[in-house]
Trainee: 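Below is a structure I'd like to ask you about.
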Amino acid sequence: MSAAVGVFDLHADGTPPADPLVLARDWLPADDDPDRPRATLATVGTDGWPDARTVLLSAFDETGFAFHTSATSRKVAELAAVPRAALVVLWEGFSRQLVVRGDVVPDSAESLAAAWAARSDHLRRLAWCNTDELAALPRADRVQRWAADHPAPGQADGWAGYRLQPRELTFWAAGDGAASRRLQYTRDAGGWTWRFLAG
Ligand SMILES: Cc1cc2nc3c(=O)[nH]c(=O)nc-3n(C[C@H](O)[C@H](O)[C@H](O)COP(=O)(O)O)c2cc1C
């Protein structure tokens, strides 16, 4: 992720962009950058407790922040029950953080295919063969299966994608000669509003 000077410096004076995606585009790598941001995805567990795990942020645009996973995963069952989530992206050196909260919808077929094409061979193999049944086998069997498995080139069965549609985005920047602070955008019927918050 680039730490280059962007369109709006959270510690400078001035008015933030009206559209938070302008700032998000400045902070996050372009969708075609193979080094995808790692994000913590928080969901509502089916047992009522919060749940969280790391995912790759595959892409984002005005339709939402996309992540991809296995249809048999716990997060998918949780999103079926409560289609709401939060994503947290943390920058190296703890210089920045972006928190996105909102509703989650299935990703488009085009975006699903694009994310599959952009995944490394290693991650595609994982998507094909990484099952609970395999995980329960002794190590020797798992090594043997990994060496022997030659999955078909197409999209793995059960490769699923979602888009988190933001209703709130909070940009946090570490102090630059001052205390850290946050810029929070909230969406309502009239569009986006923003305010500064203590970090
Ligand atoms: C750096 C990193 C990146 C990961 N990226 C993904 C991802 O993009 N999609 C995914 O399904 N799992 C990814 N995982 C694995 C998840 O963290 C998680 O273990 C898995 O998806 C099962 O989660 P669930 O049971 O809560 O659904 C990643 C793990 C790490 C450590």
Side-chain angles (χ1 to χ4, degrees), residues 1-3 24-25 27-61 63-137 139 141-143 145-146 149 151-166 169 172:
M1 277 172 266
S2 158
R25 281 203 188 89
W27 279 31
L28 291 164
D31 288 353
D32 60 1
D33 186 331
D35 186 15
R36 302 314 308 156
R38 288 73 165 150
T40 302
L41 172 73
T43 46
V44 179
T46 52
D47 54 7
W49 269 270
D51 201 359
R53 78 291 288 158
T54 310
V55 293
L56 301 179
L57 175 63
S58 304
F60 77 99
D61 61 20
T63 67
F65 288 67
F67 55 90
H68 294 87
T69 190
S70 162
T72 59
S73 67
R74 191 160 87 174
K75 66 181 88 52
V76 167
E78 291 170 348
L79 289 169
V82 181
R84 294 177 178 170
L87 266 179
V88 183
V89 183
L90 176 64
W91 270 251
E92 274 177 32
F94 314 123
S95 56
R96 290 174 171 179
Q97 172 187 248
L98 172 61
V99 183
V100 185
R101 301 171 68 218
D103 300 303
V104 175
V105 296
D107 200 13
S108 68
E110 297 74 32
S111 174
L112 201 62
W116 178 261
R119 288 290 209 254
S120 66
D121 286 346
H122 176 81
L123 291 178
R124 286 193 210 135
R125 282 186 78 187
L126 276 177
W128 270 106
C129 73
N130 207 5
T131 61
D132 291 341
E133 177 252 328
L134 176 68
L137 295 177
R139 174 173 165 77
D141 294 349
R142 284 182 285 118
V143 169
R145 281 270 290 271
W146 183 255
D149 268 354
Q155 256 175 235
D157 297 334
W159 170 249
Y162 294 88
R163 255 173 212 256
L164 173 58
Q165 301 176 318
L169 294 100
W172 177 98

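When a ligand or atom number is given, it counts from 1 through the structure's own listing order. Reckoned from all heavy atoms, side chains included, excluding hydrogens, waters and symmetry mates. If you read the sequence from its start, that first residue is 1, and numbering goes on from there.
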Trainee: Who passes side chain to side chain contact (heavy atoms under 4.5 Å, CB included) against Leu57, sequence neighbours left out?
Mentor: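 Leu57 satisfies side chain to side chain contact (heavy atoms under 4.5 Å, CB included) with Leu28, Pro37, Phe65, Leu87 once adjacent residues are dropped.
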Trainee: Near ligand 1, which residues have a heavy atom under 4.0 Å away from one of its atoms?
Mentor: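 Those residues closer than 4.0 Å to ligand 1 by some heavy atom are Arg38, Arg53, Thr54, Val55, Leu56, His68, Thr69, Ser73, Arg74, Lys75, Arg119.
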Trainee: Check the pair Asp61 / Arg163 against salt bridge (Lys or Arg N to Asp or Glu O under 4.0 Å), numbers first and verdict last.
Mentor: CA-CA 10 Å; Asp61 61 20; Arg163 255 173 212 256; 3.1 Å; yes
Trainee: Checking Val76 now: which residues fulfil side chain to side chain contact (heavy atoms under 4.5 Å, CB included) with it, not counting sequence neighbours?
Mentor: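 Scan of Val76 (side chain to side chain contact (heavy atoms under 4.5 Å, CB included), adjacent residues dropped) gives Thr69, Ser73, Tyr162.
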Trainee: Determine yes or no for a side-chain-to-main-chain donor-acceptor pair under 3.5 angstrom, with Trp91 supplying the side chain and Leu98 the backbone.
Mentor: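 No, the answer is negative, given that no donor and acceptor are paired below the 3.5 Å cut-off.
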Trainee: Quick one: salt bridge (Lys or Arg N to Asp or Glu O under 4.0 Å) partners of Glu133, sequence neighbours excluded?
Mentor: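 Scan of Glu133 (salt bridge (Lys or Arg N to Asp or Glu O under 4.0 Å), adjacent residues dropped) gives Arg145.
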Trainee: Go through the side-chain N and O atoms of Thr43 and Arg53 and say whether any donor and acceptor fall under 3.5 Å apart.
Mentor: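 Judged by distance alone, the side chains do pair up.
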